[in-house]
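Contents: one structure, followed by commentary.
These values consider heavy atoms only, across backbone and side chains, with no hydrogens, waters or symmetry-generated copies.
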Amino acid sequence: MINPHLNLTIDEDLRQRVVDFVYREQSYFRANTSGYGRKSCSLNKIDHKLSEEIQVFSKKCYESLGIFEYEDEPLLGNLIGVNKEGAFVHRHTDPAPDGKCHVRLNFLIQKPAAGGMPIINGVEYAIEEGGCWKNIASAWWHESSKVVGSKERIVLSLGALVKDTIVSKQLLADDI
């Protein structure tokens with residue numbers, strides 16, 4: 001069985017800077033055409049102080065999991081995803097080159113009143129605000145439940161391409 005929960009935390013100051021960025025820097029966000037009420041910002045593709053901070057934070061997170069050898073994920077990179085009321089992430093997997101996995105470390109920066117929870121291979125997982133979960137995005141079918149209420153779901157997603165052998169050893173050792 002998959003256990004996506006990770007014992008990683010985001011500093012409250014950084015979490016708040018992400019929230020502030022979402023509401024103050026709208027020009028960096030693009031509508032996600034894969035579904036209603038979704039927008040995102042690919043931090044690797046913008047010149048902003050927060051992007052640099054998140055790059056450092058991402059490196060720290062991956063290294064804390066024993067992953068020192070990886071590449072930045074080129075399509076989405078590190079991103080902030082926002083879903084408003086009624087929005088959800090559709091069921092999908094993400095691409096990765098042979099021999100590598102597309103890995104995402106996701107932080108629930110802002111939790112909606114209800115919904116917005118990750119669903120991996122058909123199982124919904126409860127995540128608290130500030131909590132973190134892993135997603136082997138190229139191997140696991142993933143989506144989210146529909147956001148309920150006016151408080152938006154905000155996720156910080158740290159993307160990397162990691163060798164299959166490293167993923168098996170460092171990220172899946174406790175999964176059955």
Side-chain angles (χ1 to χ4, degrees), residues 1-23 29 32 35 37-43 50-51 53-67 70 73 76-94 101-160 162 167 170-176:
M1 177 151 194
I2 293 172
N3 177 13
H5 294 91
L6 289 175
N7 193 23
L8 295 177
T9 58
I10 184 166
D11 176 84
E12 180 57 29
D13 289 338
L14 181 55
R15 190 192 72 76
Q16 188 58 53
R17 282 196 301 283
V18 172
V19 172
D20 293 345
F21 180 82
V22 167
Y23 295 112
F29 286 82
N32 184 324
R38 295 172 62 191
K39 64 184 177 184
S40 64
C41 172
S42 293
L43 293 167
L50 182 65
S51 181
E53 289 180 77
I54 296 300
Q55 188 67 30
V56 170
F57 178 63
S58 178
K59 184 177 192 291
K60 177 182 158 191
C61 289
Y62 277 95
E63 288 181 355
S64 76
L65 296 171
I67 299 172
Y70 63 89
E73 194 283 315
L76 303 172
N78 297 328
L79 68 85
I80 300 171
V82 181
N83 291 9
K84 68 181 189 179
E85 184 171 17
F88 61 93
V89 176
H90 66 287
R91 186 176 191 263
H92 70 287
T93 60
D94 293 299
C101 290
H102 179 159
V103 175
R104 305 208 69 80
L105 306 180
N106 298 312
F107 291 84
L108 187 57
I109 298 297
Q110 181 172 285
K111 183 178 181 177
M117 292 296 104
I119 301 170
I120 299 172
N121 291 339
V123 177
E124 185 170 343
Y125 294 91
I127 305 292
E128 292 305 316
E129 191 165 270
C132 180
W133 73 97
K134 66 186 174 192
N135 181 11
I136 314 305
S138 54
W140 296 347
W141 287 96
H142 54 282
E143 59 192 300
S144 74
S145 56
K146 191 179 289 190
V147 171
V148 177
S150 61
K151 188 177 179 186
E152 295 176 314
R153 172 194 199 244
I154 302 174
V155 171
L156 173 64
S157 185
L158 310 176
V162 183
V167 168
Q170 299 303 123
L171 290 177
L172 301 178
D174 295 333
D175 295 342
I176 299 171

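Ala160 approaches Tyr70 most closely through the heavy-atom pair CB-CD1, 3.8 Å. When all heavy atoms of Ser64 and Cys61 are compared, the closest pair comes out as OG-O, 2.7 Å. Taking every heavy atom of both residues into account, Val103 and Tyr62 meet most closely at O-OH, 3.2 Å. Contact record, Gly37 with Ala87: O-CB, 3.4 Å, taken as the closest heavy-atom pair.
With sequence neighbours excluded, the residues satisfying side chain to side chain donor-acceptor pair (under 3.5 Å) with Asn78 are Gln55. Judged as a ring-ring contact (aromatic ring centres under 6.0 Å, His included), and not counting sequence neighbours, the contacts of His142 are His92. For the side chain to side chain donor-acceptor pair (under 3.5 Å) test, no residue two or more places apart in sequence or in another chain qualifies with Lys84. Listed by chain and number, the residues in a salt bridge (charged side-chain N to carboxylate O under 4.0 Å, His left out) with Lys60 amount to none (sequence neighbours excluded). Partners of Asn121 by side chain to side chain donor-acceptor pair (under 3.5 Å), not counting sequence neighbours: none found. Glu143 pairs by the side chain to side chain donor-acceptor pair (under 3.5 Å) definition with nothing, not counting sequence neighbours.
Not a single donor-acceptor pair under 3.5 Å links the side chain of Glu152 to the backbone N or O of Gln110. A donor-acceptor contact shorter than 3.5 Å is absent between the side chain of Ser42 and the backbone of Leu79. Remark: side-chain polar atoms of Arg15 are not paired, donor with acceptor, to backbone N or O of Ile10 under 3.5 angstrom.
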- Message: What verdict does the side-chain contact (heavy atoms from CB on, under 4.5 Å) test give for Val89 and Arg153, after you've listed the backbone C-alpha separation in whole Å, the side-chain angles of each residue and the deciding distance to 0.1 Å?
- Response: CA-CA 11 Å; Val89 176; Arg153 172 194 199 244; 3.8 Å; yes
- Task: In sequence, state the C-alpha distance, the side-chain angles, and the governing distance for Ile120 and Trp133, and then conclude on side-chain contact (heavy atoms from CB on, under 4.5 Å).
- Result: CA-CA 11 Å; Ile120 299 172; Trp133 73 97; 4.2 Å; yes
- Task: List the steps, then state whether side-chain contact (heavy atoms from CB on, under 4.5 Å) holds for His5 with Ile127.
- Result: CA-CA 8 Å; His5 294 91; Ile127 305 292; 3.6 Å; yes
- Query: Stepwise, does the side-chain contact (heavy atoms from CB on, under 4.5 Å) test hold for Leu76 with Arg104?
  - Reply: CA-CA 10 Å; Leu76 303 172; Arg104 305 208 69 80; 4.0 Å; yes
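With a 6.0 Å radius and a threshold of 12 heavy atoms from other residues, nucleotides or ligands, Asp11 has its CG atom above the threshold. Around the NZ atom of Lys151, the shell of radius 6.0 Å holds more than 12 heavy atoms that belong to other residues, nucleotides or ligands. The number of heavy-atom neighbours closer than 6.0 Å to NZ of Lys59, taken from other residues, nucleotides and ligands shown, is 12 or below. Within a 6.0 Å radius of CD in Glu128, other residues, nucleotides and ligands contribute 12 heavy atoms or fewer.
Side-chain contact check for Trp140 versus Lys134: some heavy-atom pair is nearer than 4.5 Å. Annotation: side chain of Leu156 is in contact with side chain of Phe57 (closest heavy-atom distance under 4.5 Å). Between Val155 and Asn83, the closest side-chain pair of non-hydrogen atoms is not below 4.5 Å. Between Tyr125 and Asn3, every side-chain heavy-atom pair lies at or beyond the 4.5 Å cut-off. With contacts defined as side-chain heavy-atom distances shorter than 4.5 Å, the pair Ile119/Ser145 qualifies. Side-chain contact check for Pro118 versus Asn106: every heavy-atom pair is 4.5 Å or farther apart. A 4.5 Å side-chain heavy-atom check between Leu50 and Glu53 finds at least one atom pair inside the cut-off. Leu65 places a side-chain heavy atom less than 4.5 Å from the side chain of Leu6.
With values rounded to the nearest 0.5 angstrom, Ile136 atom CD1 is found 16.0 Å from Trp141 atom CH2. Annotation: the span from Ile80 atom CD1 to Lys39 atom NZ amounts to 10.5 Å, rounded to 0.5 Å. The distance from atom CE of Met117 to atom CD of Glu124, rounded to the nearest 0.5 Å, is 7.5 Å. Note that SG of Cys101 and CG of Leu171 are 8.5 Å apart. Values are rounded to the nearest 0.5 Å. Distance check: Ile67 CD1 to Leu105 CG gives 7.0 Å after rounding to the nearest 0.5 Å. Atom CD1 of residue Ile109 and atom SG of residue Cys132 lie 9.5 Å apart, to the nearest 0.5 angstrom.
Taking the six-membered ring where the residue is Trp, Phe21 and Phe29 present tilted rings, their angle falling between 30° and 60°.
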